[in-house]
Each structure stands twice: as C-alpha cells, then as structure tokens.
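What follows is a set of notes on a single structure, which appears directly below.
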Amino acid sequence: MRDHGVKPHFRHSLRFKLVGPVVGITIIAVLAAWFLSNKLIRNFYILDARSNLITTYESCNRLFMDEFGFPRPFTIASGELYENVDNPSNATIFIVDYKNNEVYSSVIVTEKEARSLQRIIDDFDFNELKNTRPSYKFQNWQDETFDLVGLLDNGDIIILERPLEQLNNSILFSSRLFLIIAMVIISLEAGVVLFLSSRVTSPIIRMSQVARRMSRLDFEVKAPEDKNDEIGELGHSMNEMSAKLEHSISELKSANASLAQDIREKERIEEMRSEFLSHVSHELKTPLALIQGYAEGLKDSVNDDAESRDFYCDVIADEAKKMNTLIMKLLNLNELEFGNEKLNIARYDLIEQLDNIIAANQILLEQKNVKMTRKYVGPVYVWADAFMMSEVFTNYLSNAIHYVKEGGEIRVTVNEIDKKVRVSVFDEGNRLSEEALQKVFVKFYKEDAARTREYGGSGIGLSIVEAIQKSHGQDYGVYNAENGVVFYYELDGGVE
C-alpha cells in the first residue's frame, strides 16, 4: 500500500495526467502531418517545378517568334537566353535548330552534354508532339534530372533540365524546417500547458498538503478560500470540517483526561486503602496479641498477687495507649495524603517554635544524657502552617532522641539561603544504610524493627513529615553525616 504522506512521482501526478495526453496527442498529430506533408511537399515541388519549366518554355517560345507569331528570321545569340527568357527555376536551356545546325544553350555545351543531348533527341519521339498541344512532355532522366522535352512553335527542339538533386534538397530542407517548427511549437505548447496546469493543480496540491497536516491533528493550518470556484468552496468546507473536528477532539480529550484522572484517583484511593489496611493489621497485631495474652492471664488468675496484676494491667494500658496513638497518627496522615487538611499559612517566628519544642522534650534529653546544641539565632520568620511545622520538627526531634547514642549530641541548625530557611536535625550515632536512606519516609518502614518496637515507634512519624512538606510544596530529606544522621526540611523565608 502506498504511503499517502509521500509526495507522488511526477508521472503519477495530476499535472502529468493533464500535460502528458495533450503533448502526446500533439506529437502524434505532428508526426502524422509530417508524414502526409512529405508526400504533399514532394508533389508541391514537382508541380512547382513543372510550372516553372512551362513558364521557361513559353518564354523561349516567345523569344523565337516575332511579334506577328512567325519564326524569327535572324539568328539569336545564346546570351539572349539569360537576358530575355523568364527562367524562375534557373533550369538549363537547350534549343536545337536542325535546319541551321544551331544549338542555343544557357550554359557552355561540353562534349558530355552534347552526347547527352544527342541521346535524348535520339530516344525521344518528337513526331507525336507535332500536332499536339501542348507540344512538350516531362520526364526523369536516369533519376538525375527532371526535364521538359518538346517542340517550339518554330519547330526547334527545346530541352529544359533541372537537376533532381536540387529538387530533392528543397524537399529535404522543407521537411526539416517543418520538423524544427513543429518541435518549437510542441515545446511552447508543453510549456504553456504545464504553466496552465500548474495554475490549476497548485491549489489542489496545497489542499492535499493541508489535508495531510489535518490528518496529523494539526488544526492551525487553514486551506485557501480566495478563489470563487469549486476549489475555494472545497477549501471553505475543509476549514469548517477542521474546526468541528478540532472542537470534537478537544472535548474528547477533556473527557478522556477527566476519566483518566478519575481512574487514577480511584486506583490511588484503592491502593492507599489496601496499604492502610495491610499496615494497620500488621501494626495492631502485636499489641492486640499482648493485650489478649495479658487479659487472658488476668482472667485465669495466673498471678494472684497484686503486684503482678498491676503489671498485667499496666502492659494492657500501655499497649492500648500505643494503639490509640497509632490510630490517631494514621488518621492524621490519611487527612494529609487525601488533601482534606486545610493549610493555615501565616508568618511566625521559627526560632521561638523550635525553642518551645526542645524545652518540652528536655526531660527526655536528660534521661539519655544528650548534649543539645543549638546553631541558630533569632528571630527567623517563615511562612507556613505553624501547627503542622511543629509536627515536623517534633517528629525529627523525637526520632533523634530515640536513635542518638547514650551521652551523644543532638544538633539543631537553621540556615537561610536564597529566600529559603532550612532546619537540620543531627543525631550522633549509627549511620543509615543505603536502603534506609531511600525508604525512611515510607509508611511503616523500620530498619531495625526490634529496636523501633522497643521505644514504641510505629514508622508513621516520618511519613507525616513527608505529607506535610508535600502539602507545603517544600523540600525535605535525610543524609548520613560523618558520625551520625541529618534530617532536614525547608520553609519559605519570612520576607514580606
């Protein structure tokens, strides 16, 4: 199948289909005319040669007669044949007067020509011409000359010779001239037809190019409508079709985009629901097992002493508290991820917020004998949701407290760069693996599940950080330092 996007070969083009037949018919007509004219031209030249020879014969006849129609009684000089004879074909004239043994000629008679004359006179029967009119005949002599042989009124023999070569040359020249003129006419005709066909086909070619671009959904191109004919009407129809098609495709694309977005949203919700149920069931499995086990122990009175019962009750209460905290965090994270939590952006002093949160966690810092270092000075104003940002810093600080080594350092740094404020929280201790650096913000991810369980971590805090930062459109992350780990988040600077 031919690719309709490829320009057709010239011999398949509409222009060739218009020019080809016209030029072909013209060439055939010219060749036929040339073939016929060859016959006609030859006959024309022969008739013309005959007419000229007859004119010369009649002129010679008048020359040898007086004004009364009688033979002239005096001798005629050969020179008079040049001066007084009408000889349009420049034929060679021979007049033989047997009575006076005179030969009149328009050329010098050589021995060869004398023998030729004698042969013609000997072979020709002049008696049959004496009582006929006209008194001459035409004949070819050995395909060399075209002759008029006859008798003048005074009885002299006249022979007029015209070389056939001269006649054939004239015929050949006329044929060649005819062909040259025909070729010029054909070339001019081809040029004119090509020019006219171009004027006709150019709009069609442009229409084809426009249609090809429209087929590729390029609706910016427009077909020309400047002609008051069928082509202009076709261009108008194409433009109307293009506009309607563009509108229809635009509506279809909008509908498809909306449908695709709905499908993606539905898939995302379904994926989050499945993930949520999976993680919740996994996280609640251990505390529920503990609660169930200790509750059954109480029911079966495994330990009758008050101290054991208090321990069992404390474990149950502690696990129930952890479950409640987990569920509240999950609900909070769910609100953030679904975009249901509205941001309350305001300008506030970040340093004051950091100091308050650190002060609230002072007892935990003292329990682990942590050295708390602050590398910032205030005030530093930022634009953000202050409540959500307190959640971010609290999660970072809580994470640092739980993972910093005993007697280690936690360092909080605030840097201002290009209208951005970066808060970094460093904890001195073990560095994270490459896998943990990639997955630490994933929900429920725990590099060391046993250790996380030991301090009651759920693996949700950093996911909340991620959701809050994404809702603000701000950067966040983690990287290994020389002797510990650094978590950071960014905010917009507080310039009015």
Side-chain angles (χ1 to χ4, degrees), residues 261 265 268-269 272 276 324-365 370 372-404 410-427 440-444 457-479 485-496:
Q261 184 176 358
E265 184 66 18
R268 187 178 73 88
I269 293 172
M272 292 178 64
F276 179 81
N324 182 62
T325 302
L326 172 64
I327 290 171
M328 293 305 295
K329 286 186 177 181
L330 285 172
L331 291 174
N332 187 22
L333 178 60
N334 190 62
E335 290 289 324
L336 289 170
E337 288 182 335
F338 277 88
N340 296 329
E341 187 75 20
K342 299 229 174 149
L343 298 179
N344 183 20
I345 304 296
R347 182 172 178 265
Y348 68 94
D349 183 5
L350 174 65
I351 302 303
E352 181 182 356
Q353 182 184 63
L354 300 182
D355 287 340
N356 289 338
I357 295 173
I358 293 172
N361 287 271
Q362 188 64 38
I363 188 171
L364 297 176
L365 295 170
V370 174
M372 187 70 205
T373 304
R374 297 177 177 87
K375 296 193 71 173
Y376 55 79
V377 292
V380 174
Y381 291 96
V382 294
W383 287 94
D385 187 312
F387 175 76
M388 287 189 178
M389 286 303 111
S390 68
E391 285 285 313
V392 171
F393 183 71
T394 299
N395 276 291
Y396 273 178
L397 184 60
S398 175
N399 185 73
I401 292 172
H402 287 301
Y403 282 106
V404 68
I410 294 178
R411 184 168 58 249
V412 178
T413 306
V414 177
N415 295 318
E416 296 182 71
I417 305 173
D418 295 333
K419 298 183 180 179
K420 291 287 183 180
V421 176
R422 172 175 286 200
V423 179
S424 302
V425 179
F426 164 80
D427 66 271
V440 71
F441 287 97
V442 176
K443 265 185 291 189
F444 300 106
S458 62
I460 299 176
L462 294 179
S463 298
I464 293 176
V465 170
E466 180 180 50
I468 291 174
Q469 287 300 108
K470 284 184 176 180
S471 67
H472 280 74
Q474 300 295 340
D475 193 19
Y476 63 96
V478 58
Y479 59 88
V485 179
V486 177
F487 285 85
Y488 68 89
Y489 66 97
E490 291 184 353
L491 296 169
D492 286 329
V495 180
E496 294 283 357

Steps toward side-chain contact (heavy atoms from CB on, under 4.5 Å) verdict (F393, I358)
CA-CA 9 Å; F393 183 71; I358 293 172; 3.9 Å; yes
Any chance you could lay out the side-chain contact (heavy atoms from CB on, under 4.5 Å) test for I401 and L365, step after step, and finish with the verdict?
CA-CA 7 Å; I401 292 172; L365 295 170; 3.7 Å; yes
I would like to know whether I464 and M388 meet side-chain contact (heavy atoms from CB on, under 4.5 Å); could you show each step before the answer?
CA-CA 9 Å; I464 293 176; M388 287 189 178; over 6 Å; no
Step-by-step side-chain contact (heavy atoms from CB on, under 4.5 Å) determination, I351 to R374:
CA-CA 10 Å; I351 302 303; R374 297 177 177 87; over 6 Å; no
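From M389, atom CE reaches atom CG of L350 across 9.5 Å, with rounding to the nearest 0.5 Å. Note that the CZ atom of R422 and the CD atom of E416 stand 13.5 Å from one another [nearest 0.5 Å]. Rounding to the nearest 0.5 Å places NE2 of H402 at 9.5 Å from CG of L397.
The main-chain N or O of N395 is never found under 3.5 Å from a side-chain atom of N399 such that the two would form a donor-acceptor pair. Remark: the backbone N or O of I468 is paired with a side-chain donor or acceptor of S471 at under 3.5 angstrom.
The two residues D385 and I345 make their nearest non-hydrogen contact at N-CD1, 3.8 Å. The nearest pair of heavy atoms linking P379 to D349 is CB-OD2, 3.3 Å. Nearest approach of D475 to Q469, heavy atoms of both residues: O-NE2, 3.0 Å. Of all heavy-atom pairs between A384 and L491, the closest is CB-CD2, 3.8 Å. Closest heavy-atom contact between S463 and F441: OG-O, 3.2 Å. Nearest approach of S390 to T394, heavy atoms of both residues: O-OG1, 2.5 Å.
Scored by the ring pair (Phe, Tyr, Trp, His ring centres under 6.0 Å) test, Y376 finds no partners at all (sequence neighbours excluded). Contacts of F487 classified as ring pair (Phe, Tyr, Trp, His ring centres under 6.0 Å), with partners at least two apart in sequence or in another chain: Y396. Remark: Y348 engages Q353 in a side chain to side chain donor-acceptor pair (under 3.5 Å) (not counting sequence neighbours).
Residue K420 qualifies as enclosed at atom NZ: its count of foreign heavy atoms under 6.0 Å is above 12.
Screening Q474, R347, K419 for a side chain to side chain donor-acceptor pair (under 3.5 Å) with D492, the sole residue that qualifies is Q474.
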